[in-house]
J.: 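Structure in structure tokens, see below.
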Amino acid sequence: MAKNSNGVAASAEQLKHTLAESGRAVAAQAGEVGHTLAESGRTVAAQAGEVKDQVAATAVLAKDRAGEVVHDLADRMPSSSQEWEEMGRDVMHSVRRNPRPWLIGAAVVTVVWWLGRKSKRSH
């Protein structure tokens with residue numbers, strides 16, 4: 001009977017050794033996975049920072065461009081009643097020379113206005 005118990009003890013010891021080795025292997029793999037995830041997180045964070053910087057730079061450029069457009073528009077707007085009258089005459093001459101686009105535009109504006117009024121009444 002002593003031999004049988006020694007065999008069980010040896011099997012138990014071998015099983016214990018195998019489980020310990022497996023545990024160390026799993027722990028090593030988990031460490032590698034954790035390291036890979038940490039590296040991926042740092043990469044994503046760096047890329048997000050770059051995107052944020054690009055968006056901020058684009059917003060600054062858009063703001064500057066919008067300011068330029070507003071200033072250009074302000075410079076081109078008539079400032080006196082005489083300039084307004086001259087602009088009105090130019091528009092009238094343009095309408096007389098080529099009325100089709102103006103009529104189409106007026107029709108579109110009328111339809112949009114009518115749809116807006118209709119939707120306002122239905123709510």
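Residue numbers start at 1 and run along the sequence shown.
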J.: Roughly how far apart are K63 NZ and T58 OG1, rounded to 0.5 Å?
T.: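 Nearest 0.5 Å value for the NZ-OG1 distance: 14.0 Å.
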
J.: Does E39 offer a backbone N or O that forms a donor-acceptor pair with the side chain of T43 under 3.5 Å?
T.: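 Indeed, once roles are kept as given, a pair shorter than 3.5 Å links the two residues.
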
J.: To the closest 0.5 Å, what do you measure between CD (E86) and OG (S80)?
T.: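 Interatomic distance, E86 CD to S80 OG, rounded to 0.5 Å: 8.5 Å.
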
J.: Verify the neighbour count for atom CZ of R42: are there more than 12 heavy atoms of other residues, nucleotides or ligands below 6.0 Å?
T.: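 Count over threshold, so yes.
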
J.: Hey, any chance M77 and M87 share a hydrophobic cluster, counting ILVMFWY side chains that come within less than 4.5 Å of each other, even indirectly?
T.: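 M77 and M87: one cluster.
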
J.: We want to know whether S79 and E83 form a side-chain donor-acceptor pair, criterion being a heavy-atom distance below 3.5 angstrom.
T.: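 Result is yes, a qualifying pair exists.
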
J.: For W102 and S94, work out which heavy atoms get closest and say how close.
T.: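 In terms of heavy atoms, the two residues are closest at NE1-OG, 3.4 Å.
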
J.: Tell me, yes or no, whether the heavy-atom count around Q14 atom CD, taken from other residues, nucleotides or ligands under 6.0 Å, exceeds 12.
T.: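 Count not over threshold, so no.
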
J.: Is the count of non-hydrogen atoms from other residues, nucleotides or ligands lying under 6.0 Å from Q82 atom CD greater than 12?
T.: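 Result for CD/Q82: open.
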
J.: Quick check for you: to the nearest 0.5 Å, what is the distance between R76 atom CZ and D72 atom CG?
T.: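 Taking CZ in R76 and CG in D72, the distance rounds to 5.5 Å.
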
J.: Can V111 be reached from W113 by stepping across I, L, V, M, F, W or Y side chains whose heavy atoms are under 4.5 Å apart?
T.: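 Same cluster: W113 reaches V111 through Ile, Leu, Val, Met, Phe, Trp or Tyr contacts under 4.5 Å.
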
J.: If I take atom CG from residue L115 and atom NZ from residue K118, how far apart are they, to the nearest 0.5 angstrom?
T.: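 L115 atom CG to K118 atom NZ measures 7.5 Å (nearest 0.5 Å).
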
